[in-house]
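Just below is one structure, and these are the notes that go with it.
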Amino acid sequence: MGDTNGQVVAGGNGEGKRLDQLYQPTDVLIDKETDSLIICDRKNRRVVRRSRRSGTTQGEILINNIDCRGLAMDDQRYLYISDVEKHEVRRYQIGDKNGTVVAGGNGYGASLNQLNVPTYIFFDQQQTVYVSDQNNYRVMKWNKGAKEGIVVAGGQGEGNALTQLSYPQGLFVDTLGTIYVADLSNNRVMRWPKGAKQGTVIVGGNGEGKGPNQFHNPIGLSFDRHGNLYVVDYENHRVQRFSIE
């Protein structure tokens, strides 16, 4: 905290396919057990792992030929990856190249057993998978082993009403089951309590812009342990921090 200059920890050698390069990465997580970064290297159609230990310049490919968008890892170190081309989320053991479908996998569509461009994902202690179903304008919840999902936010078509979403992206679910979602084209972050039919706007929602209460396509979000919300403000080329009650 307080640094004004960042440090390159992966890539930084221009776009490309070499193991010391990335091409439009969209998501990253930290694997604490191996002290490494796992990166969705989207335009290279691969998921790569890169050690955080100093002196390491190259990554290794974990999964190839996947149009990945979002990543998550559970306490058992299963890796969850959304595939926007196959409209599915798969769960992988590290080292497993095939994985198991845990959401979608029935082609693109709007049925409860389908997804349409799944982007960001979140899981809870019960291995429940939450996924932003971008082109269906909804967030879906898939219980462990379920054959279809449950709509937990949106699902009322595209729009800016409190019952609607427009290209939902980044996700966070707290221990009470409250969903926080980056509502990309509505330039807002919404909170949906468990079981609610509509959400509330907690930041943004003031039109597209560069003001401190505005976004231009918010795409990712995260919370720290103090309850501060961090939002990746994509088209404004910045990350904003908010104190949420």
Side-chain angles (χ1 to χ4, degrees), residues 26-27 67-72 74 78 80-91 99-205 215 217-223 229 231 244:
T26 56
D27 207 356
D67 195 351
C68 62
R69 186 71 59 87
L71 298 171
D74 68 17
Y78 281 102
Y80 297 79
I81 307 173
S82 62
D83 187 331
V84 300
E85 185 176 73
K86 294 182 178 176
H87 308 284
E88 67 186 20
V89 177
R90 281 184 182 258
R91 186 180 73 192
T100 304
V101 175
V102 293
N106 295 297
Y108 79 91
S111 298
L112 292 177
N113 69 343
Q114 293 178 305
L115 299 168
N116 190 352
V117 186
T119 55
Y120 291 89
I121 46 186
F122 193 90
F123 68 92
D124 65 16
Q125 300 290 340
Q126 288 74 46
Q127 292 185 333
T128 304
V129 177
Y130 296 82
V131 54
S132 285
D133 191 8
Q134 175 185 286
N135 287 11
N136 282 327
Y137 316 112
R138 65 190 185 185
V139 176
M140 299 290 288
K141 172 183 176 180
W142 290 66
N143 292 313
K144 185 179 179 181
K147 298 300 182 188
E148 61 180 39
I150 302 161
V151 180
V152 290
Q156 302 297 318
E158 183 186 9
N160 61 6
L162 293 178
T163 56
Q164 295 176 305
L165 297 168
S166 183
Y167 300 101
Q169 301 290 318
L171 265 184
F172 184 90
V173 184
D174 70 16
T175 53
L176 298 175
T178 305
I179 295 159
Y180 298 81
V181 57
D183 191 10
L184 182 95
S185 292
N186 284 325
N187 295 299
R188 64 191 184 185
V189 174
M190 296 195 73
R191 175 167 53 201
W192 292 66
K194 187 175 183 178
K197 297 300 182 190
Q198 67 177 43
T200 56
V201 180
I202 56 169
V203 286
F215 299 114
N217 290 2
I219 199 168
L221 57 81
S222 185
F223 283 90
L229 170 66
V231 182
I244 302 298

Nearest 0.5 angstrom please: [X] [atom1] to [Y] [atom2], how far?
{"X": "Phe122", "Y": "Lys141", "atom1": "CZ", "atom2": "NZ", "result": "12.5 Å"}
{"X": "Asp27", "Y": "Ile121", "atom1": "CG", "atom2": "CD1", "result": "7.5 Å"}
{"X": "Ile150", "Y": "Leu112", "atom1": "CD1", "atom2": "CG", "result": "8.5 Å"}

Of all residues at least two apart in sequence or in a different chain, which pass the ring pair (Phe, Tyr, Trp, His ring centres under 6.0 Å) check with [X]?
{"X": "Tyr78", "answer": "none"}
{"X": "Tyr80", "answer": "Phe123"}
{"X": "Tyr137", "answer": "Tyr167"}

Partners meeting side-chain hydrogen bond (donor to acceptor under 3.5 Å, both in side chains) with [X] (sequence neighbours left out):
{"X": "Asp83", "answer": "none"}
{"X": "Gln198", "answer": "none"}
{"X": "Thr26", "answer": "none"}
{"X": "Gln164", "answer": "none"}

Side chain to side chain contact (heavy atoms under 4.5 Å, CB included) between Leu115 and Tyr108, intermediate numbers included = CA-CA 5 Å; Leu115 299 168; Tyr108 79 91; over 6 Å; no
Determine whether a donor-acceptor pair (N or O, by modelled atom type, separation under 3.5 Å) exists between the side chain of [X] and the backbone of [Y].
{"X": "Asp67", "Y": "Lys86", "result": "no"}
{"X": "His87", "Y": "Val117", "result": "yes"}
{"X": "Asp183", "Y": "Leu165", "result": "no"}
{"X": "Arg138", "Y": "Gly157", "result": "no"}
{"X": "Ser166", "Y": "Glu158", "result": "no"}

Under 4.5 Å between any side-chain heavy atoms of [X] and [Y], yes or no?
{"X": "Ile219", "Y": "Asn217", "value": "no"}
{"X": "Phe215", "Y": "Leu184", "value": "no"}
{"X": "Gln127", "Y": "Asp74", "value": "yes"}
{"X": "Arg69", "Y": "Ser82", "value": "yes"}
{"X": "Arg188", "Y": "Val203", "value": "no"}

Looking at residues at least two apart in the chain, or sitting in another chain, which of them share a side chain to side chain contact (heavy atoms under 4.5 Å, CB included) with [X]?
{"X": "Gln126", "answer": "Asp124, Thr128"}
{"X": "Ala146", "answer": "Asn143"}
{"X": "Asp174", "answer": "Phe172, Leu176, Thr178, Tyr180"}

Side chain to side chain contact (heavy atoms under 4.5 Å, CB included) between Val201 and Leu162, worked out | CA-CA 8 Å; Val201 180; Leu162 293 178; 4.0 Å; yes
So, for Ala182 and Pro218, which heavy atoms are closest and what is the spacing to 0.1 Å?
-> CB-O, 3.7 Å
List the atom of Gln156, the atom of Thr163, and the distance in Å for their closest heavy-atom pair.
->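 It is CG-O, 3.4 Å.
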Checking side-chain contact (heavy atoms from CB on, under 4.5 Å) against Arg91, which of Val102, Ile81, Val129 comes through?
-> Val102
Out of Val139, Val181, Ile179, which one pairs with Val173 under the side-chain contact (heavy atoms from CB on, under 4.5 Å) rule?
-> Ile179
Side chain to side chain donor-acceptor pair (under 3.5 Å) contacts in which one or both residues fall within residues 111-122, not counting sequence neighbours =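 Pairs touching residues 111-122 that pass the test: Ser111-Gln114.
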Return each pair, listed once, that meets ring pair (Phe, Tyr, Trp, His ring centres under 6.0 Å) where at least one residue sits in residues 144-166; pairs must be two or more places apart or across chains.
->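 Every pair satisfying ring pair (Phe, Tyr, Trp, His ring centres under 6.0 Å) with a residue in residues 144-166: there are none.
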